[in-house]
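Written out below as structure tokens is the structure these notes cover.
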Amino acid sequence: QGQLVESGGGSVQAGGSLRLSCAASGYPFSSDCMGWFRQAPGKEREEVATFDDGTTTYADSVKGRFTISKDNAKNTLYLQMNSLIPEDTAMYYCAAQKYTDLSCTYSLGRSDLVYWGRGTQVTVSS
């Protein structure tokens, strides 16, 4: 059974940094389509950043502060988060495309078309 395991979350003060990791194991991980999502209490899950075979996209709210990257040798996706603000407080999840014959954008837009990790909590205090 394949799985995605996030780590690196924690509690930081505003202006601080965290680096999230998402390690994939247990299944062929050839997809280069992955993403980071987050969900704050009482809010819907939102896409934070995506990685599509080297092409990256970011939500407007994190542009210039967050960087997504992937280490294929380690089967690990990263999210470097700098200049954190309280509004970044959320549970962060990584996702990986299930079906590589579909477009990356389409897959990441459908929760049933990706594998999900269990999440890692990020809390930013002012």
Side-chain angles (χ1 to χ4, degrees):
Q1 181 72 25
Q3 63 175 350
L4 301 172
V5 179
E6 301 95 336
S7 61
S11 297
V12 296
Q13 290 190 328
S17 298
L18 286 172
R19 188 194 194 202
L20 305 185
S21 298
C22 172
S25 63
Y27 59 85
F29 197 57
S30 59
S31 170
D32 274 331
C33 172
M34 298 186 70
W36 285 99
F37 295 75
R38 66 186 181 186
Q39 187 167 20
K43 295 187 177 181
E44 293 188 356
R45 182 172 55 208
E46 64 171 337
E47 182 181 282
V48 175
T50 69
F51 184 99
D52 179 8
D53 195 19
T55 299
T56 59
T57 67
Y58 298 92
D60 287 342
S61 59
V62 307
K63 278 181 182 176
R65 301 187 297 120
F66 290 11
T67 303
I68 188 172
S69 61
K70 187 171 180 283
D71 186 332
N72 288 331
K74 296 182 178 180
N75 272 353
T76 300
L77 183 74
Y78 300 99
L79 185 68
Q80 178 66 44
M81 306 187 297
N82 299 326
S83 302
L84 285 161
I85 60 178
E87 290 76 13
D88 294 322
T89 295
M91 184 72 78
Y92 283 71
Y93 300 91
C94 75
Q97 184 185 40
K98 279 186 181 179
Y99 309 112
T100 57
D101 57 334
L102 300 178
S103 77
C104 184
T105 300
Y106 180 72
S107 295
L108 293 180
R110 291 271 305 268
S111 61
D112 59 328
L113 295 182
V114 296
Y115 297 105
W116 291 100
R118 292 190 175 183
T120 185
Q121 178 68 38
V122 172
T123 302
V124 184
S125 58
S126 57

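Quick note: numbers below take in every heavy atom, side chains included, and nothing from hydrogens, waters or symmetry partners.
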Suppose we screen for side chain to side chain contact (heavy atoms under 4.5 Å, CB included). Which residues come up paired with R65, at least two apart in sequence or across chains?
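R65 satisfies side chain to side chain contact (heavy atoms under 4.5 Å, CB included) with V62, S83, I85, D88 once adjacent residues are dropped.
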
Is there a side-chain contact between S17 and N82 (heavy atoms, below 4.5 Å)?
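Yes; the side chains approach each other to less than 4.5 Å.
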
Considering only heavy atoms from C-beta outward, does the side chain of C22 approach that of M34 to under 4.5 Å?
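C22 vs M34: side chains touch.
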
Main-chain N/O of T67 paired with Y78 side-chain donor or acceptor, under 3.5 Å
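No, Y78 side chain to T67 backbone: no donor-acceptor pair under 3.5 Å.
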
Taking E6 for the side chain and R118 for the main chain, is one N or O donor matched with an acceptor at less than 3.5 Å?
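The answer is yes, because a donor-acceptor pair under 3.5 Å joins these two groups.
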
Compare every heavy atom of [Y] with every heavy atom of [X], then report the nearest pair and how far apart it is.
{"X": "Q97", "Y": "T100", "result": "OE1-CA, 3.7 Å"}
{"X": "K70", "Y": "D32", "result": "NZ-OD1, 3.2 Å"}
{"X": "S107", "Y": "L102", "result": "OG-CB, 3.6 Å"}
{"X": "M81", "Y": "V122", "result": "CE-CG2, 3.8 Å"}
{"X": "P86", "Y": "S126", "result": "CG-CB, 3.9 Å"}
{"X": "L77", "Y": "C94", "result": "CD2-CB, 4.4 Å"}

Please lay out, stage by stage, how V124 and L18 fare under the test side-chain contact (heavy atoms from CB on, under 4.5 Å).
CA-CA 10 Å; V124 184; L18 286 172; 6.0 Å; no

Within this structure, what is the CZ-OG1 distance for the pair F51 and T57, rounded to the nearest 0.5 Å?
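Separation between the atoms: 11.0 Å.
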
Nearest 0.5 angstrom please: S21 OG to L79 CG, how far?
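Rounded to the nearest 0.5 Å, the OG-CG separation comes out at 9.5 Å.
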
Pairs satisfying salt bridge (charged side-chain N to carboxylate O under 4.0 Å, His left out), at least one member in residues 42-55, at least two apart
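Those involving residues 42-55 are R38-E46.
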
With hydrophobic residues grouped by side-chain heavy-atom distances under 4.5 Å, do [X] and [Y] end up in a single group?
{"X": "I68", "Y": "Y115", "result": "yes"}
{"X": "L108", "Y": "W36", "result": "no"}
{"X": "V48", "Y": "Y58", "result": "yes"}
{"X": "L20", "Y": "V12", "result": "yes"}

Indicate the ring-plane relationship of F37 and W116, choosing parallel, tilted or perpendicular according to the 30° and 60° boundaries.
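Answer is perpendicular, since the angle exceeds 60°.
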
